[in-house]
Structures are given as structure tokens and as C-alpha cells.
Amino acid sequence: MSEKLKSINTSIFEFPDLIKDGYVYVDKTAQLYELAKPGADRLYYLPRPRRFGKSLMISTLKALFQGRRDLFKGLAIERTDWNWDKEVYPVVHLDMSKASASSLSEFESKLGKMLKFICEEFDIAYDEKDSASTNFLVLLESLPKKAQERNPKSEGKYVVLIDEYDAPIAKLLDSEKGRVELADMRLALHDFYVQAKSHCGDMRFLMVTGVSKFAKTSIFSAFNNPCDLTLDARAADIVGYTHEEMEKYFHNHIQAFADAKGFTYDAAFAELLRWYDGYQFSHRKMVEIINPVSLGKALSNLDFGNYWEATAGSTLIFDTLKAKNAAPVDFADEFDVATLDAPDALTAPTVALLYQGGYLTIDKRID
């Protein structure tokens, strides 16, 4: 091919880096606008399997609420009525995967360091003698004044983005030693998240992401029952790629893939779909979603492979299947929404665990 292909990067999850360095970015800002626009819900929870683009979504929201308009040139949100002058807020970004640890003490140390860095960013004193939970409370109490000082139009509101809220629990579940401290970890996360309970009214926007629901971490009560996007039509295609996006953003890459494999374009497209297509995240909006990491690596490597499974396997799921002596086969039975939306990964039925983990998907809706 004579045309230079725009680079695909499956290891960068920072929106500014993808834009500034000229990588392929599949524009999801129209969907994000619908969630973030004035008058919409303000508090959200979005669970999705690993390696589907949750962290990139969080990074995009962070840049949006920081008012970094230069990064959004030519994207869909520029064609909306988004108020770039008013919608500028302090953004608290907690990537809980960075606090994952093999012990409770290590977790508390990592969480404290992460929170100290955030406090310093907003010129808020961090007390080393106090717990991370107490310092989190002080941070939330101090932010309205900081927001008003930075942008009077903000009305003292701020934004909280929590990525992979359940990562510390998932890390402990990876080993028998870690599971001994599971109850204490749940309590520690509960004590941390619950500090936000009386401050949700100060939040202009909240997004919490994760893989599985762990009811006893109090994520729902702590954030005043955020809008659950698990099966919401608004989030059906907010991560991953649709067929139309695949064609629009990767046409030339697919042609290069076809040339390398000796396929026609149509044959290559169909085979890529056969390997990586089929996820459906809402029974209200049945749209098939392609895994972004798998597609990106296939097009970059010019070959097929089990790329998602190599990086997104769940020890919790494997161990649960072994304990139940169950095989991860297709489920021919019908299941209601409540079964798929089980509230606790540790007690969820096998079908819900496999669905939340990305091993099963909705096939069809039966009214």
C-alpha cells in the first residue's frame, strides 16, 4: 500500500498521549457527552471485562473536565453545545489498580502514596499520621473551595473518577495467602469509599469502573446509588468497537492485514469478526462489540491470536469453576437480567461470573 498507516497502540491508555502522538483514536466523545451533559445523571458505575477500554474512557473524561479543548479538535463533542468555559473542574483520578497489593499493609501504603500525590496537586495538606481514608475525607471537604478559586463558573463542584475500584480485591484473590486478608481488604475499601457518602452533592460528575460487583465494598451506598450502566443502552458501545467504527477507523489497516494474509478485504473483515466480535452489553440496545485489544494486536501483528485471553484471564473465575467442577461451556438456557447482574462476584452464579468476566455475552433478548 502506498498510504502510510496511522499507528495502532494497544498499550497506551492515556487519551492525551493517543491524540498528541497521532495514534488511532476511535471517537467515543458523542457517547460520553450524553452521560456528562448538564441535566443527565451525575453519578455512574460502569463494569466491563478487562482490556475493553475503561481506562482510556476515564482518561478521556479527565481531559474533558479539565477543559483541554485542544485535544478534542475534530471530535464529535465539538459539534455539541458543551460549555468549554464553564465545565472546568478539579478532577480526582484514582486508579485503584495502582494500589493493588499482595497484602493489606502494602495496599494501605500504596493507597496513601497515591492520595498524597493527589492532595499535593490541589495544594491540600496530607497528614502522614492519619489514614488514607481520613485524608480522602479532608480532600473532599477542601475541594469545593479549591474549585471555586480555580474557576468561579464551576460553582464549587469537582469531578471524581475511580478506575478499577475492585482491583485490590481481585489481586488478593490471586493467591491463597491473599484470600486470608480478604475480609480485612473489603473493610478497608468500605472505610475508604464511604468517606464520599456525604459529599456526592459537591460532585459535578462521578464515574466508577470495575470488572465485578463486590457488594460489601459499599461502592453503591458510598456514592448514593450511582446510575448502574451494566446493561444500560447508553453504555452499549461506550467501550470496544462497533462494526461501523472498525470500518471507519481501520479500513486501511484491514486492507494491509488482508494483503499480508492473502485474503480479499471482505474475507479479512469477516475473519476478524469471527475471531473478535460478538460482545453485547445491553439487552435494550443489541449492538455487537469487538474487543479493542484483540483487534489492535491482530492488525499490528498481521496475524490472528488469542490476545485478550493472554492478558485478561481471571484467577477468580478459574478457581470458582474448579471449585464448582463446572466447565465454561455455552449456556443454552435463558437467564433473566437479575441473574446476569449478580451483586457479588464471590457468590454470583457461574453464568453471571463468566458474563461479567467477558467469557460469555448476551445472545438475544426474549421478551
Indicate the ring-plane relationship of Phe192 and Phe136, choosing parallel, tilted or perpendicular according to the 30° and 60° boundaries. parallel
Mind running side chain to side chain donor-acceptor pair (under 3.5 Å) on Glu87 and Tyr89 for me, showing each step along the way? CA-CA 6 Å; Glu87 302 288 353; Tyr89 306 92; 2.7 Å; yes
NZ (Lys86) with more than 12 external heavy atoms under 6.0 Å: no
Does one hydrophobic cluster hold both Val293 and Leu302, with members joined at side-chain heavy-atom distances below 4.5 Å? no
Give a yes-or-no answer on whether the side chains of Ser131 and Thr134 include a donor-acceptor pair shorter than 3.5 Å. yes
Assess the side chains of Asp266 and Thr264: does a donor N or O sit below 3.5 Å from an acceptor N or O? no
ILVMFWY network linking Leu64 to Val239, side-chain heavy atoms under 4.5 angstrom: yes
When you check the gap from the basic side-chain N to the acidic O, do Asp70 and Arg68 get nearer than 4.0 Å? no
Around Lys261, counting heavy atoms of other residues, nucleotides and ligands shown, do more than 12 lie under 6.0 Å from its NZ? yes
Examine the side chains of Thr242 and Asp237 and answer whether a donor and an acceptor come within less than 3.5 Å of each other. no
Show your reasoning for whether side-chain contact (heavy atoms from CB on, under 4.5 Å) applies to Tyr279 and Glu288. CA-CA 5 Å; Tyr279 291 94; Glu288 291 186 326; over 6 Å; no
Report the C-alpha distance between Phe15 and Lys62 in whole Å, list the side-chain angles of each, state the deciding distance to 0.1 Å, and finish with yes or no for side-chain contact (heavy atoms from CB on, under 4.5 Å). CA-CA 9 Å; Phe15 172 73; Lys62 182 177 181 179; over 6 Å; no
What are the two closest non-hydrogen atoms of Asp163 and Ser55, and how far apart are they? OD2-OG, 2.5 Å
Can we say Asp228 and Lys213 salt-bridge, meaning some charged N sits less than 4.0 Å from an Asp/Glu carboxylate O? yes
Does Lys248 come within less than 4.0 Å of Glu244, counting only side-chain N to carboxylate O? no
Aromatic rings Tyr359 and Trp308: how do their planes relate, parallel, tilted or perpendicular, breaks at 30° and 60°? perpendicular
Following the transitive rule for hydrophobic clusters with a side-chain heavy-atom cut-off under 4.5 Å over Ile, Leu, Val, Met, Phe, Trp and Tyr, establish whether Phe205 and Val91 coincide in one cluster. yes
Tell me yes or no: between the side chains of Ser133 and Asn135, is some donor less than 3.5 Å from an acceptor? no
Pair Ser294, Asn291: side-chain N/O donor-acceptor within cut-off below 3.5 Å: yes
For Asp166 and Gly210, which heavy atoms make the closest approach, and how far apart are they? OD1-CA, 3.4 Å
What I want to find out is whether Glu78 reaches Lys73 closely enough, with some N-O distance under 4.0 Å, to be called a salt bridge. no
Indicate, with yes or no, if the rings of Phe72 and Trp82 have centres closer together than 6.0 Å. no
Tyr241 ring center near Phe250 ring center (under 6.0 Å): yes
Specify the closest pair of heavy atoms between Glu14 and Ser59, including all atoms of both residues, with the distance to one decimal. OE1-OG, 3.2 Å
Taking the cut-offs as 6.0 angstrom to the six-membered ring centre and 45 degrees off its axis, would you call Arg48 and Phe281 a cation-pi pair? yes
Taking all non-hydrogen atoms of both residues into account, name the closest pair between Gln280 and Tyr355 and its distance. O-OH, 3.9 Å
Check step by step if side-chain contact (heavy atoms from CB on, under 4.5 Å) holds for Arg234 and Cys227. CA-CA 11 Å; Arg234 291 172 294 175; Cys227 179; 3.1 Å; yes
Lys28 with Glu245: basic N within carboxylate O range, under 4.0 Å: yes
Looking at Met286 and Asp363, what are the two nearest heavy atoms and their distance? CE-O, 3.7 Å
Using the ring centroid of each side chain, check whether Tyr45 and Tyr165 are separated by less than 6.0 Å. yes
side-chain contact (heavy atoms from CB on, under 4.5 Å) evaluation trace for Glu141 with Leu137: CA-CA 6 Å; Glu141 290 174 340; Leu137 177 61; 3.7 Å; yes
Suppose we call two aromatic rings close when their centres sit under 6.0 Å apart. Are Phe257 and Phe269 close by that rule? no
For Ile238 and Leu46 the tightest heavy-atom approach is CG2-CD2, 3.9 Å
